[in-house]
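Worksheet: the structure to be examined is printed underneath.
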Amino acid sequence: MMEFNDSEPLYIQVADFLEREILDGKYPMNTKIPGVRELAATLVINGRTVQNAVNRLVESGLVETRRGLGNFVTSNEKTFEMIRTKKIRAMAETFIKNSLTFVSEDELRRIIEETIASVQKE
C-alpha cells in the first residue's frame with residue numbers, strides 16, 4: 001500500500017508509485033495497467049488525481065493510451081530503458097549528494113567500489 005506525504009502534490013506521488021511498480025516489473029512492457037477507477041479505489045483517492053498521475057506517465061512515454069482498451073506500459077524498449085536509466089541516475093545523484101555530507105569524495109568512491117566488489121561476489 002502507498003503512504004502519502006504533504007511535501008509534494010498527490011498526483012506526482014501516485015505517478016512515482018506507478019513508475020516504480022512498472023520499472024520493478026510488476027507491469028512488464030506492453031501490459032495493461034489497472035484502470036483509473038480501480039487505482040483510485042485501491043489507493044483510496046480521487047479518480048481525477050489518478051488520471052493526472054497517468055497523464056504524467058503518458059507524457060513521459062512510459063505509458064501509452066490505447067483508445068477503447070486502456071493504458072499500457074510502453075512497448076518501445078528504447079523509451080523504457082531511457083526512462084529506467086534516467087530514474088537510476090537520479091537516484092544515484094541523490095545518494096551521492098547525501099553521502100558527500102558525511103564523507104569525502106575519495107572515501108565515497110572507496111566505499112562504492114568495495115560495495116560493488118562485495119555484491120559481485122554474491
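Within a 6.0 Å sphere centred on CD of E114, other residues, nucleotides and ligands contribute more than 12 heavy atoms. Counting heavy-atom neighbours within 6.0 Å of R89 CZ, excluding the residue itself, gives a total of 12 or less.
The hydrophobic clustering, which links ILVMFWY residues whose side-chain heavy atoms are closer than 4.5 Å, places L39 and F4 together. Hydrophobic clustering (side-chain heavy atoms under 4.5 Å, transitive across Ile, Leu, Val, Met, Phe, Trp, Tyr) groups I116 together with V103. Put simply, F102 and I96 are part of the same group of oily side chains (I, L, V, M, F, W, Y) that touch within less than 4.5 Å, one to the next. When hydrophobic clusters are built by joining Ile, Leu, Val, Met, Phe, Trp and Tyr residues whose side-chain heavy atoms come closer than 4.5 Å, directly or via intermediates, L57 is grouped together with M82. Cluster membership check: Y11 does not share its hydrophobic cluster with I33, using side-chain heavy-atom separations under 4.5 Å among Ile, Leu, Val, Met, Phe, Trp and Tyr.
Without hydrogens or angle criteria, D24 side chain to K26 main chain gives no donor-acceptor distance under 3.5 Å. Formation of a donor-acceptor pair under 3.5 Å by the T101 side chain with backbone atoms of N98 is found in this model. Between the side chain of T94 and the backbone N or O of A90, at least one donor-acceptor pair lies under 3.5 Å. Looking at Q13, its side chain does come within 3.5 Å of a backbone N or O of E8 through a donor-acceptor pair.
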Salt bridge (Lys or Arg N to Asp or Glu O under 4.0 Å) evaluation trace for E113 with R109: CA-CA 6 Å; E113 288 171 2; R109 285 181 199 277; over 6 Å; no

Does D16 form a side-chain contact (heavy atoms from CB on, under 4.5 Å) with K87? I'd like the steps, not just the answer. CA-CA 10 Å; D16 289 346; K87 187 72 169 185; 4.3 Å; yes

Going through the distances and angles, do R20 and F17 end up as a side-chain contact (heavy atoms from CB on, under 4.5 Å)? CA-CA 5 Å; R20 275 191 311 276; F17 170 77; 3.9 Å; yes

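Annotation: side chain of L108 is in contact with side chain of F95 (closest heavy-atom distance under 4.5 Å). Annotation: side chain of P34 is not in contact with side chain of T42 (no heavy-atom distance under 4.5 Å). The shortest distance between side-chain heavy atoms of L18 and R56 does not fall below 4.5 Å. Side-chain contact check for I83 versus T74: every heavy-atom pair is 4.5 Å or farther apart. For the pair F72/T31, no side-chain contact is recorded, criterion being any heavy-atom separation below 4.5 Å from C-beta on.
The stretch residues 28-45 participates, sequence neighbours left out, in no salt bridge (charged side-chain N to carboxylate O under 4.0 Å, His left out) pair at all.
E59 and N55 are not linked by any side-chain donor-acceptor pair at a separation below 3.5 angstrom, with hydrogens and angles left out of the test.
Contacts of S7 classified as side-chain hydrogen bond (donor to acceptor under 3.5 Å, both in side chains), with partners at least two apart in sequence or in another chain: N5. Under the side-chain hydrogen bond (donor to acceptor under 3.5 Å, both in side chains) criterion, T65 pairs with N71, not counting sequence neighbours.
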